[in-house]
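What's counted below: heavy atoms across the whole structure, side chains too, no hydrogens, waters or symmetry copies. Keep in mind it's a predicted model, so treat the numbers as computed, not measured.
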Amino acid sequence: MKTPIDLAQWKYREHFEFFSSLDNPFVGVTVQVEVTKLYKEAQNDNQSFFLYALHKILRAANETETFRYRIDGGVPVCYDTIHVSATINKDDGLFGFGFWEYDGDRAQFIRNAQKAIEEIRTKKGLANTTDNQRKDLIRFSAVPWFSFTEMNHPGSFIKGESIPRISTGKLSQMDKKIMMPLSITAHHGFVDGKQIGLFLDKMDEPRSF
C-alpha cells in the first residue's frame, strides 16, 4: 500500500523539487557500523550473517519513514512497507537479482530469502523479473571480498529513479569489535544527513565514522 504525499502541506516540498531537477539527485555516505553482537548471534544460531544483517537493515529502513518515500508517476508517495531486491551470487560465477518480501519476523524473513535465493541460483542471466522493478523496495548488494570507504552505484537518475541503494562490505576487527562498511545512497529530496543518522540509530549497535 502507498499513500500520496500532499505537496501543499509537505515540509520537504522545496527540497524535493530542487533536488529532483538535478541530473543526479542522490546523496551517498559510507560508514563503519559495529556488528559484533549480530555476527555472534548469527554464529550461535548457525545462520547466515548476510541474512541477519540484511534483515536488520530492512527493519531500520522500514522504521525510518523517509526511506519509504518514492517517486511514483512523477509524484512523491509513502509506502507502508518496503522489501528488497538483492544481488545473489550464482553457481555459474555470475550474479542475478533476487526479490523477496520483508517480514518483521526474522525467521520468516530468512525462510522467504532462502527460497528466493535457491530459485535465483538456478536461473540464467540477471533474472531481472518484474518484482525487481517494483518501487517498494531497496536495492541491496553485499561485497564480502573487500572493505571500502566509498561506493558508487549505476542508476537511471534522469528517469525519476528514487530507490535507495544500500551495500555492505568485508568485515574487519577493530579493538575486539567486528565492523562492517555500510554504504547508503538515497534521493536527497527525501533523505538528508539527519535521516541517515536516524536510520543508523535503528541499527542498534554503536557506530564509528
Side-chain angles (χ1 to χ4, degrees), residues 24 26-43 47-62 64 67 82-100 102 106 109-110 112-114 116-129 131-134 137-157 161-175 177-187 191 196 199-200 202-209:
N24 180 359
F26 279 69
V27 62
V29 299
T30 299
V31 298
Q32 290 284 332
V33 295
E34 184 186 351
V35 292
T36 309
K37 294 178 182 177
L38 187 67
Y39 181 81
K40 291 181 178 179
E41 188 176 356
Q43 278 194 322
Q47 291 287 351
S48 163
F49 172 75
F50 164 73
L51 293 178
Y52 268 42
L54 179 52
H55 184 264
K56 174 168 278 194
I57 289 168
L58 269 177
R59 184 189 68 186
N62 273 287
T64 308
F67 276 70
I82 53 174
H83 310 288
V84 64
S85 173
T87 55
I88 303 298
N89 294 317
K90 302 191 303 174
D91 296 337
D92 60 5
L94 300 175
F95 69 83
F97 296 130
F99 168 86
W100 61 93
Y102 172 71
R106 187 168 63 187
F109 174 79
I110 290 175
N112 294 341
Q114 289 172 336
I117 291 171
E118 288 176 5
E119 291 177 354
I120 202 69
R121 283 178 173 166
T122 65
K123 295 182 178 179
K124 295 181 179 180
L126 285 173
N128 195 11
T129 67
D131 279 334
N132 290 301
Q133 304 307 312
R134 290 167 53 162
L137 49 75
I138 63 167
R139 304 201 185 282
F140 177 81
S141 58
V143 187
W145 306 282
F146 55 86
S147 184
F148 54 78
T149 57
E150 185 177 1
M151 174 73 73
N152 291 318
H153 300 271
S156 301
F157 301 118
E161 176 64 53
S162 60
I163 297 173
R165 300 162 174 83
I166 299 179
S167 299
T168 58
K170 184 178 181 179
L171 303 182
S172 61
Q173 190 160 334
M174 183 185 303
D175 298 326
K177 296 179 180 179
I178 298 175
M179 308 299 294
M180 179 180 72
L182 176 67
S183 168
I184 303 169
T185 304
H187 194 293
V191 175
I196 292 173
F199 168 87
L200 292 171
K202 296 179 185 302
M203 294 290 289
D204 293 337
E205 294 184 56
R207 65 180 187 273
S208 299
F209 292 90

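Between R165 atom CZ and I184 atom CD1 the span is 13.5 Å, to the nearest 0.5 Å. Atoms CD and CZ, on Q114 and F109 in that order, are 10.5 Å from each other to the nearest 0.5 Å. Annotation: the span from L38 atom CG to K56 atom NZ amounts to 5.0 Å, rounded to 0.5 Å.
Contact record, V84 with F99: O-CD1, 3.2 Å, taken as the closest heavy-atom pair. The shortest non-hydrogen separation linking M151 to T185 is O-OG1, 4.4 Å. Taking both residues in full, the closest heavy atoms of P181 and F148 are given as CB-O, 3.6 Å, listed atom of the first, atom of the second, then distance. Smallest separation of non-hydrogen atoms from F67 and P164: O-CG, 4.2 Å. Considering all non-hydrogen atoms of both residues, F199 and A61 come closest at CE1-N, 3.5 Å. Among all heavy-atom pairs drawn from I120 and G96, the shortest one is CG1-C, 4.2 Å.
Checked by atom type and distance alone, the side chain of H187 never pairs as donor or acceptor with a backbone atom of F26 at under 3.5 Å. Of the possible polar contacts, one joining the S48 side chain to the L51 backbone as a donor-acceptor pair under 3.5 Å is found. In this structure, the side chain of E161 engages the main chain of I163 through a donor-acceptor pair within 3.5 Å. Between the side chain of T36 and the backbone N or O of I178, at least one donor-acceptor pair lies under 3.5 Å. Looking at R134, its side chain never comes within 3.5 Å of a backbone N or O of I82 through a donor-acceptor pair.
Side-chain atoms of L171 and F49, non-hydrogen and from C-beta on, do get closer than 4.5 Å to each other. Taking the side chain as every heavy atom from C-beta outward, T168 and F140 approach each other to under 4.5 Å. Between R139 and T87 the shortest side-chain heavy-atom distance does not fall below 4.5 Å.
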Could you go through Y102 and R59, starting from their C-alpha distance and side-chain angles, then the distance that decides it, and tell me whether this counts as side-chain contact (heavy atoms from CB on, under 4.5 Å)? CA-CA 8 Å; Y102 172 71; R59 184 189 68 186; 3.5 Å; yes

Which is it for D175 and K177 under the salt bridge (Lys or Arg N to Asp or Glu O under 4.0 Å) test, yes or no, and what are the steps along the way? CA-CA 5 Å; D175 298 326; K177 296 179 180 179; over 6 Å; no

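Figure legend: R106 and Y52 shown as a cation-pi pair, the cationic atom lying under 6.0 angstrom from the six-membered ring centre and within 45 degrees of its axis.
A donor-acceptor contact closer than 3.5 angstrom is absent between the side chains of T30 and T149.
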